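Below is one structure, written out as C-alpha cells, with a few remarks after it.
Remember, predicted model here, so these are calculated numbers, not experimental data. Below, read A as the first sequence line, B as the second, and so on, with proteins coming before strands; counting in each chain starts at 1.
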Number of protein chains: 2
Amino acid sequence: MDNKEIQTQRMKGYFIQAAKELIKGEGLKSVSTRSVAERAGYSYATLYNYFKDLNDLIFECVKDFQAECEVFVNSKTKKITNGKEKIKAIISAYVHYFIEYPGTFELFFLERMRGIGNKKTTSELIYTFLDRLCEEQWQYCINENIIYTEKVQKIRTQLRFTIMGMLLFYENRLQPDNYNDFATLLNNQIDNIIE
Amino acid sequence: MDNKEIQTQRMKGYFIQAAKELIKGEGLKSVSTRSVAERAGYSYATLYNYFKDLNDLIFECVKDFQAECEVFVNSKTKKITNGKEKIKAIISAYVHYFIEYPGTFELFFLERMRGIGNKKTTSELIYTFLDRLCEEQWQYCINENIIYTEKVQKIRTQLRFTIMGMLLFYENRLQPDNYNDFATLLNNQIDNIIE
DNA sequence: CAAAGATAATTAACATTGTTAATATAGCAA
DNA sequence: TTGCTATATTAACAATGTTAATTATCTTTG
C-alpha cells in the first residue's frame, strides 16, 4: 500500500505536469481532459481515476506554481538589501510572474472553484501568497523600527487589494492599455502605499 | 430602412433582455445560445443574425447593467448630504450591487473579452465606471476645498484598484469568508483611503 | 507456472455547448 | 400570383466534461 501510494502520486504528477505546461504555454482555456491526458500519455478517462474532475486537477497546480513563483521572485530580488526597497522588488517580481504567465493569473484569481473539497484551503493559500512572500521583510522592517507594527498590517492589506485590482484590470480589461503605463502606475501605487 | 433599423434594434433588445435576466438570475454560466434564444422566443441560430457571436451579445449587456446599477446607487444615496460621506455611500452601494448580482460581477470583470470589436470602449466603460459614479461628488469636494485637486486623483486611482481587489477576493475566493467581515473590511479600507 | 480475481486503462457513449450551412418561411414588389 | 429578398429554423459538426462498459494488466494463490 506504500508502493500503491507512490504510484498514485506519480500518476497524479504526470497529469499535473501536463496541465501546468498547458496553463503556462497556452493558457487555461486550452486545458481540457483530452489535451491534458494526451500530453500525459494517457486516455482522457484515466484522469478520472486520479482526480474528482478537471477542476480538481487544475487547482492541484496552484501549489506548484506558487513554489515556482517563489523561486522566480527570490532569483530576482536576492541581491537587494533588506527593507522597503526589497519589499517593492518582491511585489514587482510577483506581478511580473503573473504577467509573464497569464494562465497562472487566470488559475489563481479568475477560475471558478467548483466543489467544496479543498476550496477553503486553496483559496486561502492564494489570498495570503503575496503576504507570505513579503513576511520576512516586514519582520525586518518592524525589528529595525523602520515602520510601526500596526502600520505594517494596514499596508499589507492595502497592498493585497491594490495589486490584485491592478492585475485584474491590466490582464482582463487591458487597462492601462500598454505595458509601460502599467509598470509606472504599478510603481506609483506601491510607492504611495509603502511611502 | 428606418423601419428596418427599428426592427433590428427591437430584435437585439429581445436577446439582450433575455441574456440580462439569465445573468442576474442564474449567473453567466447559465447563458448559452440555446438558453438565451429560448427565453427570447427564437431559435438559437437566429441570434447569429443580430450578434457576431455569444460573447458579443453578452457584452452588449454591460451598458444596460451600468444604467441599472446607477439607478440603484442613486436610490440608495439620494438622501445623503454631499461630500465625503456621500462618496463612501456611493462606493458601498456600487459594491453591493455586484454582490447582489454576482453574474454582473462576472460579466464586468471576469469574463474574457474575445474579439477586438468594441473591446476597447467596453473595457474602458467598465474601468471608469466607479469614477463616473463619484465624479459629481469629487467636483463638489474640490469646489468646497474639502480635498486638494491632486489628492483627489490619487484617491480615485487608489479606490478603483482597492475596491476591485476586494470584490475579486470576496466573490471569487471567498476571502473574507463571510459577509460581515467583508463589509467591515470594506468600510475600513474606504475610510483609510478617503480619510 | 497458470488461473482467478482485483486494479487500472481504454473505448464508446451521452449530453451540452458554440457555430455554420442548408433549408424553409414570410414579406413584399412586379 | 409569382419571384425575390430577408429572416428564421432545422440539421449538422466539432469540442468538451463526464460516466458506463469493456479490455488489458497486474497480483495473488493453488
Please identify which of these residues, B:Val95, B:Asn74, B:Leu133, B:Ile80, meets the side-chain contact (heavy atoms from CB on, under 4.5 Å) condition with B:Ile90. B:Leu133

Can you tell me how far P of D:dA21 sits from OH of A:Tyr44, to the nearest Å? 15 Å

Report the residue (A:Met11 or B:Lys29) whose heavy-atom-nearest nucleotide on DNA chain C is the more 5′ of the two. A:Met11

Would you mind telling me which of D:dT10, D:dA8, D:dT18 lies closest to the side-chain atoms of B:Ala45? D:dT10

Applying a 4.0 Å non-hydrogen cut-off, can you work out what B:Tyr48 is touching in the nucleic acid: base, sugar-phosphate, or nothing? base

Taking the six-membered ring for Trp and the full ring for Phe, Tyr or His, determine whether the centres of B:Tyr101 and B:Phe105 are under 6.0 Å apart. no

Residue pairs meeting ring-ring contact (aromatic ring centres under 6.0 Å, His included), one or both in residues 44-91 of chain B, sequence neighbours left out, come to B:Phe72-B:Tyr97

Rounded distance (Å) that lies between atom C1' of D:dG17 and atom CZ of A:Arg112: 18 Å

Answer with base, sugar-phosphate or nothing: what part of the nucleic acid does A:Thr33 contact at a heavy-atom distance below 4.0 Å? base

So what is the end-to-end bend of the helix from C:dC1-D:dG30 to C:dA30-D:dT1, with 5 pairs used at each end and the value given to 10 degrees? 30°

Length of the CZ-P vector between A:Phe51 and D:dT18, whole Å: 13 Å

In chain order, what residues pass the side chain to side chain donor-acceptor pair (under 3.5 Å) check against B:Lys12, with sequence neighbours excluded? B:Glu60

Mind checking which nucleotides bracket the chain A contacts on DNA chain C, 5' to 3', with an atom under 4.0 Å from a heavy atom? C:dA8 to C:dA13

Roughly, in whole Å, what's the span from CZ in B:Arg10 to C1' in D:dT7? 15 Å

Could you tell me whether B:Tyr50 contacts a base, only the sugar-phosphate backbone, or nothing, with contacts defined as non-hydrogen atoms closer than 4.0 Å? sugar-phosphate

Kindly say if B:Ser43 contacts the phosphate of D:dA8, meaning a side-chain N or O under 4.0 Å from OP1 or OP2. no

Which whole-number value in Å describes the distance from B:Asn49 CG to D:dT9 P? 9 Å

Give A:Val36 one of three labels, base, sugar-phosphate or nothing, depending on what nucleic acid heavy atoms sit under 4.0 Å from its own. nothing

Mind checking what makes side-chain contact (heavy atoms from CB on, under 4.5 Å) contact with B:Glu144, not counting sequence neighbours? B:Tyr140, B:Ile146

Can you confirm whether A:Glu135 is buried at CD, in the sense that more than 12 heavy atoms of other residues, nucleotides or ligands lie under 6.0 Å from that atom? yes

Tabulate below the donor-acceptor pairs under 3.5 Å that side-chain atoms of residues 21-29 of chain B make, not counting sequence neighbours, or state none.
residue, atom, partner, partner atom, Å
B:Glu21, OE1, B:Arg39, NH1, 2.7
B:Glu21, OE2, B:Gln17, NE2, 3.1
B:Lys24, NZ, B:Glu68, OE2, 2.7
B:Lys29, NZ, B:Glu26, O, 2.6

What contact category does A:Thr46 fall into here, base, sugar-phosphate, or nothing, at under 4.0 angstrom with non-hydrogen atoms? base

Would you say A:Asn82 and A:Gln137 make side-chain contact, with heavy atoms under 4.5 Å? yes

Do the side chains of A:Lys88 and A:Glu85 get close enough for a salt bridge, i.e. N-O under 4.0 angstrom? yes

